[in-house]
Amino acid sequence: MLIATWNVNSIRTRLAQVMDWLEEVKPDVLCLQETKVEDALFPNSEFEQKGYNVCFHGQKSYNGVALISHHPIKDLRVGLVGELPHSLAAKQLSNQARVLSALINEIRIVNLYVPNGSAVGSEKYIYKLEWLNCLKQYINAQALRDEPLCILGDFNIALEDKDIHTPQALSGGIMASEDERSALKSVLGNRLRDAFRIFESDTNHWSWWNYRSGAWNRDKGWRIDHIYLSEELANNSSSCEIHKQVRGNLQPSDHVPVLVDINWPPEDDQDDALEDLFI
DNA sequence: ATGTCGAAATCGTTTCGA
């Protein structure tokens, strides 16, 4: 089962590129962030004509998340509300469209657009840390459901120095501060594994290149788009790839897709199902 | 040179967010 995440920086501007990529890669599930469109204007029919199910949660101009899936999308949950105690849900922060979760092929998929945070110490930075604290409680509540868990999206955090092109200059700044890193580690606990790091431990693998300063031409990137898997999914994953070439498109997003391949349901289960047929 | 994008309002240039 192929599951992908892609911050497209406007689904309407990027639609043709997304359709081309879907046609080429044929993922089972694609999670989008920064769709930047209110729900009434989401181009869902383009996807539906190609046989995909589509769910979206957006707002005008900013943020916005969507699920594109060949499998049925079940038990959709919008925002962090629904897993949080009411007081925290109310605090969960001015109705920004950043979270969409669903049960797809028996996997709980949580699609996230984590706040950017602007600058360390700013109002938006405080918001980011509070939001991550809400997310931690959401994930803790989710974990009690005992579903295989895949949490993915634009985290706007480089967990380690090797996830940044120039750590000596950037470590400690926005997306690489100790507070952000410990907040994300606290969300993950010891239950969730970074799918990319199961297969690759080296630096120089990026998922985002700033539009400014010729970052792409100089390959000055960050790895801030992640896929986290609970144990049974991690144990059955066979690859995790960053589709770097997409950043070379005309009018690209500043982010590229990240894709995990999971043997799911596991072979054992399939064998059991097969045996059942012949009993 | 925080050097570029994308969306929206202030509509054709500026602002905000990233």
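Just the heavy atoms: all of them, side chains too, but no hydrogens, waters or symmetry mates, feed the values below. Residue numbers begin at 1 in each chain, while the letters A, B, ... track the order of the sequences.
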Chemist: Is it the case that the ring center of A/H243 lies less than 6.0 angstrom away from the ring center of A/W6?
Modeler: no

Chemist: Could you check whether the rings of A/H255 and A/W208 sit parallel, tilted or perpendicular, using 30° and 60° as the cut-offs?
Modeler: tilted

Chemist: Specify the residue among A/I11 and A/N116 whose closest nucleotide of DNA chain B lies further upstream toward the 5′ end.
Modeler: A/I11

Chemist: On a whole-Å scale, what distance lies between the P atoms belonging to B/dT10 and B/dC5?
Modeler: 26 Å

Chemist: When you check the phosphate oxygens OP1 and OP2 of B/dA7, does a side-chain N or O of A/T13 lie under 4.0 Å from one of them?
Modeler: yes

Chemist: What is the nucleic acid contact for A/R14, judged by heavy atoms within less than 4.0 Å: base, sugar-phosphate only, or nothing?
Modeler: sugar-phosphate

Chemist: Between A/G117 and A/P252, which has a closest nucleotide on DNA chain B that is more 5'?
Modeler: A/P252

Chemist: Does A/D163 pair with A/R197 as a salt bridge, N-O distance under 4.0 Å?
Modeler: yes

Chemist: Kindly point out which of B/dG3, B/dG6, B/dA18 is positioned nearest to the side chain of A/N9?
Modeler: B/dG6

Chemist: Roughly, in whole Å, what's the span from CE in A/M175 to P in B/dG17?
Modeler: 17 Å

Chemist: Would you find a donor on one side and an acceptor on the other, under 3.5 Å apart, between the side chain of A/R98 and the backbone of A/V65?
Modeler: no

Chemist: Measure the distance from OH on A/Y62 to C1' on B/dA9 and round it to the nearest whole Å.
Modeler: 10 Å

Chemist: Find the distance A/E38:CD to B/dG6:P and express it as a whole number of Å.
Modeler: 19 Å

Chemist: Can A/R212 and A/D254 be counted as an ion pair, charged N to O under 4.0 angstrom?
Modeler: no

Chemist: Between B/dG3 and B/dA9, how far apart are the P atoms? Round to whole Å, please.
Modeler: 25 Å

Chemist: Taking CD from A/E123 and P from B/dA18, how many angstroms apart are they, rounded to a whole number?
Modeler: 12 Å

Chemist: Whole-Å distance between B/dA18 C1' and A/D225 CG?
Modeler: 13 Å

Chemist: Counting only side-chain N and O atoms of A/K60, is one of them less than 4.0 Å from OP1 or OP2 of B/dA9?
Modeler: yes

Chemist: Quick one: A/R212 CZ to B/dA1 P, roughly how many Å, whole number?
Modeler: 15 Å

Chemist: With rounding to the closest Å, how many angstrom separate the C1' atoms on B/dT2 and B/dG17?
Modeler: 13 Å

Chemist: Please give, in whole Å, the distance from B/dA7 P to A/Y211 OH?
Modeler: 10 Å

Chemist: If you measure from the C1' atom in B/dG6 to the same atom in B/dG12, how many Å do you get, rounded?
Modeler: 16 Å

Chemist: How close or far is atom C1' of B/dA7 from atom CD of A/Q59, stated in whole angstroms?
Modeler: 12 Å

